[in-house]
Amino acid sequence: VPIPGAETDKRLQAEKYLSRFYNLPAGLLGARKSSDVLQTKLKEMQAFFNLKVTGKLDAETFDTMKLPRCGVPDVGEYN
Amino acid sequence: VSPRKLKWPNNNLTFRIENFTPDMKKADVERAIRQAFNVWASVTPLTFKRLHSGIADIMISFAARDHGDFNSFDGPNGLLAHAYAPGKGIGGDTHFDEDENWTKESNDYNLFLVATHEFGHALGLEHSREAGSLMFPTYSYSPGFPLSEDDIDGIQELYGPNPNRKVKPKPDAPKKCDPMLSFDAITELRGETILFKDRFYWRIHPQMPEPELTLIRSTWPALPKEVDAAYENSDKDMVVIFSGIKMWALSGYDMVEGYPKYIHKLGLPKKVREIDAAVHIPETGKTLLFTDEQYWSYDERTSTMDVGFPRAIELDFPGIGKEVDAAVYDSGTLYFFHDYMRFEYSYRSRKVISIVRANSILNC
C-alpha cells in the first residue's frame with residue numbers, strides 16, 4: 001500500500017534527523033534491514049530524551065525532532 | 001565526556017571572534033562570548049585569552065547554510081550552532097547559524113546560552129541526557145548561572161575544579177519516580193495536568209504516553225522561577241498561578257495582560273505572604289486557598305472572599321493533616337498533596353477514600 005505523502009515527508013525528516021544525530025547509515029539498505037536500523041536508532045533517540053521507547057515515529061518523538069537544537073550529534077565523537 | 005575523553009592538553013586557551021552577527025551590537029556579542037567563557041572558567045582551572053589575529057585554539061564565526069566544514073546549517077530554527085571537540089585545526093572551532101536571530105534577551109535565541117553550550121563541546125563535553133542541564137541538546141531559555149551539577153561534573157572530570165572559586169550550580173532536575181517526591185503546585189490546563197516542582201513543570205497530556213518535564217522559564221519567561229500554588233477556573237478559561245504575594249494568569253499557554261497582581265486584591269489580609277495550594281470547585285464556583293494550617297474560600301462569581309474564613313484545614317478536611325502543598329479537583333473528588341503523599345478526599349462524603357504516593361500521578 002503506498003504511504004501517504006505527509007507520512008513519507010515525516011519519515012524522510014526523521015531519517016535525516018537520525019542520520020545527523022544518531023549515525024543512521026546513509027545510502028540504500030534492503031527493505032527489512034532499513035526498517036530494523038531505523039527502529040533501533042529511534043529507540044536510541046527516545047531513550048536519550050526520556051521518551052517512551054517504542055521504536056516508532058510517534059507524535060511526541062517527531063515533536064522532539066523539531067525542537068531547535070545544537071548541531072552536534074548526541075552519540076559518538078564529533079571528529 | 002567522549003569515550004576517549006578528548007580535552008585540551010593545557011589550561012591556557014585562546015579564542016578569536018572571526019566575524020560578528022548583525023543581529024546584535026558588536027559589544028554585546030563580545031560580552032556574550034566573554035561571559036560564556038567565564039562560566040567554564042569559574043568551575044575549572046581554564047583561562048581564555050582573546051586574540052585579534054592569527055589562529056586561536058577556538059575560532060568563532062557566524063555563518064549560514066554551507067560554510068566549508070561539510071556540516072551545513074539549515075536556515076532559521078532547527079540547527080542553531082555547532083562546535084568541534086578539542087584538537088588541532090578545526091578542533092575547538094565554534095560556528096553559529098547566521099540565519100537565526102541572536103539576542104541578549106529571552107526572545108529568539110540567547111547568544112550567551114548557546115555560546116556557553118557550544119564552548120562545552122569545544123572543551124570536550126558531549127550532550128547530556130539530563131533535561132535542565134546546559135549540555136542538553138535542545139535549546140531552552142533560563143536566566144542566571146547556566147551550569148547544573150551534571151555540567152560541572154562533566155567538565156571537572158576533564159580539567160578538575162577551579163582551585164579558587166566556588167559557584168552554586170543549578171539544582172538538578174527532579175526525578176519523577178523519586179519516592180520522596182513532593183510537588184509545589186498542581187493545576188489542570190484545558191484538559192492537561194501541570195505539576196510544578198522547583199524550576200520545572202511536568203505536563204501530563206491524555207495523548208502523551210509519558211509526562212514531559214520542562215523548565216518553567218522556558219515556557220513562561222515572565223513567571224518567577226518557582227511557583228507556590230495554581231488553579232484552573234474553567235468557566236473563565238483561566239489558570240491562576242501564585243508565587244509569594246503575587247499572582248499571574250494564563251489563558252491556555254499565553255500570559256494574560258494586567259498581571260502580576262497582589263494576592264491581597266482577592267481580599268486576603270496583608271499578613272498572608274504566600275499561598276500553599278489553590279483549587280477551584282466548579283459546582284460551587286468557589287476557589288479554596290490554603291495557607292499554612294488554614295484555608296480561605298473565594299467566590300469567583302462575586303469576586304469576594306466568603307465570610308467565616310479562614311477555617312482550620314484539619315477540621316474541615318479530616319484525615320489529610322494540617323497543611324497541603326497542592327490540590328486539584330475532579331468530579332466530586334479533591335486530591336490533596338502533602339510531602340510525598342496524595343490524599344483522595346471525597347468532597348461529598350467528606351472523608352479520605354485513599355492515600356497513595358504523590359508521584360503515582362506520574363505513573364510511578
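For the numbers below, each heavy atom of this structure counts, side chains included, while hydrogens, waters and symmetry mates do not. What you see is a predicted model, and the numbers here were worked out from it, not measured in a lab.
- For the atom pair A/R69 CZ and B/L79 CG, the distance stands at 7.5 Å (nearest 0.5 Å).
- When B/E118, B/H95, B/E212, B/R129 are compared by the number of non-hydrogen pairs under 4.5 Å with chain A, B/R129 comes out ahead.
- Within a 6.0 Å sphere centred on NZ of B/K104, other residues, nucleotides and ligands contribute 12 heavy atoms or fewer.
- A donor-acceptor pair under 3.5 Å links the side-chain atoms of B/H127 to the main chain of A/V72, judged by distance alone.
- No more than 12 heavy-atom neighbours from other residues, nucleotides or ligands sit within 6.0 angstrom of CD1 on B/I55.
- In terms of heavy-atom pairs under 4.5 angstrom with chain A, the leader among B/E100, B/E130, B/H117, B/H121 is B/H121.
- The number of heavy-atom neighbours closer than 6.0 Å to NZ of A/K16, taken from other residues, nucleotides and ligands shown, is 12 or below.
- Atom-to-atom distance recorded for B/D74:CG and A/R20:CZ is 6.5 Å, nearest 0.5 angstrom.
- Within the 4.5 angstrom heavy-atom criterion, only backbone atoms of B/S128 (N, CA, C, O) approach chain A.
- The closest side-chain heavy-atom distance from A/F21 to B/P137 is not below 4.5 Å.
- Taking SG from A/C70 and CG from B/D97, the interatomic distance works out to 11.5 Å, rounded to the nearest 0.5 Å.
- In this structure, no portion of A/Y17 lies under 4.5 Å from any heavy atom of chain B.
- Considering CG of A/D74 and CZ of B/F136, their distance stands at 8.5 Å, rounded to 0.5 Å.
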